[in-house]
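To start, the structure itself, in structure tokens.
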Number of protein chains: 2
Amino acid sequence: MTIGMQVDQRVSLAVSTVIFALRPHPSTGLMTLWLPLVRRIREPYEGQWALPGGPLEANEDLAASARHTLERTTGLTPNYLEQLYAFGSLDRSPDDRVVSIVYWALVQPDEVARAVDGENVEWFVADELPPLAFDHSEIVTYALARLRAKITYTPIAYGFLPPEFTLAELRAVHEAVLRTSLDPANFRRQALASDTLVATGTYLQGTSFRPPALFRFTAGAPTPLPEERR
Amino acid sequence: MTIGMQVDQRVSLAVSTVIFALRPHPSTGLMTLWLPLVRRIREPYEGQWALPGGPLEANEDLAASARHTLERTTGLTPNYLEQLYAFGSLDRSPDDRVVSIVYWALVQPDEVARAVDGENVEWFVADELPPLAFDHSEIVTYALARLRAKITYTPIAYGFLPPEFTLAELRAVHEAVLRTSLDPANFRRQALASDTLVATGTYLQGTSFRPPALFRFTAGAPTPLPEERR
DNA sequence: TCAAAAGTGTTGAATGTACACCCATGC
DNA sequence: GCATGGGTGTACATTCAACACTTTTGA
């Protein structure tokens with residue numbers, strides 16, 4: 001038998017991050033989820049797109065590692081960061097054995113973002129990705145599912161919004177993420193009833209219609225466990 | 001400065017499992033959550049109780065590792081197994097750097113279970129644990145929260161039940177896990193409406209009252225991602 | 001005055017909760 | 001019969017979805 005002859009090697013540990021941001025879709029113009037990918041510059045999967053990440057440093061928290069990756073590839077600080085899952089199948093990488101702890105993050109793409117862009121980093125529409133290296137396609141699918149599920153029962157939308165925002169903007173985030181249209185009246189009531197918003201008392205000026213009230217999220221940041229709390 | 005002088009060492013990767021089973025509470029006699037712990041036989045935390053687990057073998061899936069731990073400590077096969085979280089704070093272990101990927105499992109304690117018990121393994125009431133080694137107390141707290149949350153919206157209760165069961169038994173599982181009493185009539189309707197049960201057509205005999213119908217779960221096993229699917 | 005979005009009201013369906021009540025069995 | 005849990009019915013409250021309608025602004 002020549003099966004199972006592979007040499008036992010050490011397991012290496014990496015941290016990758018699925019970074020979500022909202023931008024207009026290139027063809028429809030509608031707000032859509034985007035995420036940055038990194039082009040691999042060595043084998044395996046050389047030339048293919050992959051999630052940003054890297055090996056876990058010995059003096060780094062898991063979440064800290066995710067944050068560093070984020071800083072390095074986009075120049076941004078996450079508004080929300082949560083552990084997604086640890087992937088450790090034996091066949092994830094053709095030669096070596098890698099366990100990846102994957103995080104997902106929400107960011108607001110400022111001008112800064114586009115600046116750091118370029119090199120081997122490129123943003124893609126999250127639902128229209130090219131084939132990715134390793135099992136990264138499955139990972140993104142899972143991250144998308146988690147985001148879409150979670151936005152319906154927790155106030156993560158703030159991850160895509162500035163500190164103050166109108167209910168229309170909040171609704172637009174939900175609509176973009178969920179790819180549906182939501183009834184403004186009902187959405188408003190639910191949002192207010194959820195007790196996660198406070199009216200700032202100020203109103204957005206400069207609109208060509210009735211000035212909408214500005215809101216702020218109450219809780220600081222509802223994040224998961226230990227390193228990021230849950 | 002003598003701070004930060006610690007030598008950079010390699011990060012090691014372990015897999016631990018929080019194993020839940022239902023047994024009567026020793027004082028009240030009510031069904032309660034129990035879990036097995038292992039007494040540490042070396043430093044750090046020598047003599048203290050800890051979650052069962054071990055280093056990840058290079059030729060082992062994450063879930064497979066959890067399953068092996070389970071087999072080793074309890075002699076049981078899990079009815080349900082799901083990844084909980086990856087813990088990786090820098091200060092989890094006093095000397096070395098360990099990242100633990102933690103799973104949680106549901107088992108039925110047969111006679112077998114008690115046989116393998118003993119040695120350095122002992123079962124405890126999940127809500128009345130002694131102080132544990134490392135950050136294992138927090139981990140258990142989190143696992144308990146996840147179990148209690150998840151049983152309300154997914155049919156995990158089957159993890160504690162034999163293939164065929166009455167609605168009273170199913171309800172007893174929910175009551176034990178959630179530590180509440182549930183209205184039999186309403187519980188029945190919700191359970192049936194959830195579309196996860198089928199009546200076997202048979203009835204439990206030998207009761208001193210009206211024989212209850214026996215049910216079976218429909219879906220095979222709704223588990224999470226890759227290795228265990230989600 | 002008009003268009004457009006903000007914001008309020010109303011109605012009917014669906015769901016959840018409390019609890020009364022009948023059913024089938026062993027003793 | 002009677003006690004006991006199995007199983008059904010019902011009425012009320014709460015929540016959710018659809019949509020009509022009023023309000024406030026800029027142009």
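Bear in mind that the values here come from a model prediction, so they are computed numbers and not experimental data. Hydrogens, waters and symmetry mates play no part in the numbers below; they use all other heavy atoms, side chains included. In the text below, chain A, chain B and the rest are named by the order of the sequence lines, each starting its count at 1.
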Using whole Å, report how far [atom1] of [X] lies from [atom2] of [N].
{"X": "A/E169", "N": "C/dA6", "atom1": "CD", "atom2": "P", "answer": "10 Å"}
{"X": "B/D183", "N": "C/dC19", "atom1": "CG", "atom2": "P", "answer": "9 Å"}
{"X": "B/F165", "N": "D/dG6", "atom1": "CZ", "atom2": "P", "answer": "14 Å"}
{"X": "B/F187", "N": "D/dG6", "atom1": "CZ", "atom2": "P", "answer": "12 Å"}
{"X": "B/L204", "N": "D/dG7", "atom1": "CG", "atom2": "P", "answer": "10 Å"}
{"X": "A/E175", "N": "C/dA5", "atom1": "CD", "atom2": "C1'", "answer": "13 Å"}
{"X": "A/R171", "N": "C/dA4", "atom1": "CZ", "atom2": "C1'", "answer": "13 Å"}
{"X": "A/R210", "N": "D/dT23", "atom1": "CZ", "atom2": "C1'", "answer": "5 Å"}

Looking only at side-chain atoms of [X], point me to the closest of [options].
{"X": "B/A185", "options": "D/dG9, C/dA24, D/dT4", "result": "D/dG9"}
{"X": "B/Y203", "options": "C/dT25, D/dT24, D/dG7", "result": "D/dG7"}
{"X": "A/N186", "options": "D/dG26, D/dA17, C/dG7", "result": "D/dA17"}

Does a side-chain N or O of A/R188 approach OP1 or OP2 of C/dT8 to a distance below 4.0 Å, or not? yes

Contact under 4.0 Å: B/Q190 side-chain N or O vs C/dT17 OP1/OP2: yes

base_contact_polar (D/dG9 base, B/R189 side chain, donor-acceptor, <3.5 Å): yes

Would you classify [X] as touching base, sugar-phosphate or nothing, given that sugar-phosphate means primed atoms plus P, OP1 and OP2, and contacts are heavy atoms under 4.0 Å?
{"X": "B/A168", "value": "sugar-phosphate"}
{"X": "A/A213", "value": "sugar-phosphate"}
{"X": "A/T166", "value": "nothing"}

Comparing nearest nucleotides in DNA chain C, the 5'-proximal residue of the pair A/L192, A/F209 is A/F209

Among side-chain atoms of A/H25 and A/E128, is any donor-acceptor pair under 3.5 angstrom? yes

So, does A/R67 use its side chain to make a donor-acceptor pair with the main chain of A/T77 at under 3.5 Å? no

Does A/D183 use its side chain to pair, donor to acceptor, with the backbone of A/N186 at less than 3.5 Å? yes

From CA spacing to verdict: side chain to side chain contact (heavy atoms under 4.5 Å, CB included), A/V121, A/T74: CA-CA 8 Å; A/V121 180; A/T74 67; 5.5 Å; no

Over 60° means perpendicular and under 30° means parallel, so classify the ring planes of A/F217 and A/F165, tilted if in between. tilted

